[in-house]
Amino acid sequence: MGRLLDKYFWWLPLGSVPEVSAVDLQRELARTRNRPQLLDVRTRPEWQQAAIRGAVLIPVGALARELDRLPFDRSRPVVAICRSAHRSIPAVRLLRNAGYEDVRQLQGGMLAWQARGFRLFVRDRKRMF
């Protein structure tokens with residue numbers, strides 16, 4: 001069922017996908033080499049309130065049609081982010097189906113990131129994707 005879910009029902013926010021904890025993501029972002037690319041799949045208002053520096057916004061509902069505009073290297077790691085690790089599940093599946101090699105979701109989403117007290121950034125409306 002896992003392969004069927006990933007390929008044909010990628011949009012379902014059910015099941016499990018590879019994850020990275022907030023602590024591990026913070027460590028990975030501090031590296032100078034092979035830092036993960038961040039994809040925020042929340043809504044624009046959520047993203048404007050606070051985001052992780054460097055995250056690109058494409059709401060999950062628009063991701064399938066905007067996939068070709070995603071400015072990411074398919075061979076580098078990607079971390080999908082949402083509020084509670086619910087909407088990022090289909091984003092991970094869609095990216096994996098599109099040929100991205102290393103895609104994970106932020107375990108617990110922005111709620112976990114904020115609970116750890118990690119730095120957040122308020123976004124400038126002019127710089128949204």
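For clarity, every value in this text was computed on a predicted model and none was experimentally measured.
- Contact annotation: the side chain of V23 approaches that of R27 to within less than 4.5 Å [non-hydrogen atoms, C-beta and beyond].
- Counting all heavy atoms, side chain and backbone alike, H86 lies closest to P90 at O-CD, 3.5 Å.
- Looking only at side-chain heavy atoms (C-beta outward), V92 and V78 stay at 4.5 Å or farther from each other.
- Here the CD-CZ distance, from E46 to R44, works out to 12.5 Å after rounding to the nearest 0.5 Å.
- With contacts defined as side-chain heavy-atom distances shorter than 4.5 Å, the pair T43/R87 qualifies.
- Separating the CH2 atom in W47 from the CD1 atom in I58 is a distance of 10.5 Å, to the nearest 0.5 Å.
- Taking CD1 of I89 as the start and CD of Q105 as the end, the distance is 5.0 Å to the nearest 0.5 Å.
- Between I52 and D40 there is no side-chain heavy-atom pair separated by less than 4.5 Å.
- Looking at heavy atoms from C-beta onward, F72 lies in side-chain contact with V56 at the 4.5 angstrom threshold.
- A distance of 12.5 Å separates OG of S88 from CG of L94, quoted to the nearest 0.5 Å.
- In this structure the side chain of E28 reaches within 4.5 angstrom of the side chain of R104, judged on heavy atoms.
- Summarising the geometry, atom SG belonging to C82 is positioned 8.0 Å from atom CG belonging to L106; distances are rounded to the nearest 0.5 Å.
- Under the salt bridge (charged side-chain N to carboxylate O under 4.0 Å, His left out) criterion, no residue pair touches residues 73-83, with sequence neighbours excluded.
- Atoms CG and CD, on D24 and E19 in that order, are 11.5 Å from each other to the nearest 0.5 Å.
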For residues 114-122, dump all side-chain donor-acceptor pairs below 3.5 Å to protein atoms at least two apart in sequence or in another chain.
none

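- For A85 against Q107, the heavy-atom pair with the smallest separation is CB-C, 4.5 Å.
- Side chains of V103 and L39 form no contact here, defined as non-hydrogen atoms less than 4.5 Å apart.
- When every heavy atom of L57 is checked against every heavy atom of R42, the shortest pair comes out as CD1-O, 3.3 Å.
- A 4.5 Å side-chain heavy-atom check between L25 and W113 finds at least one atom pair inside the cut-off.
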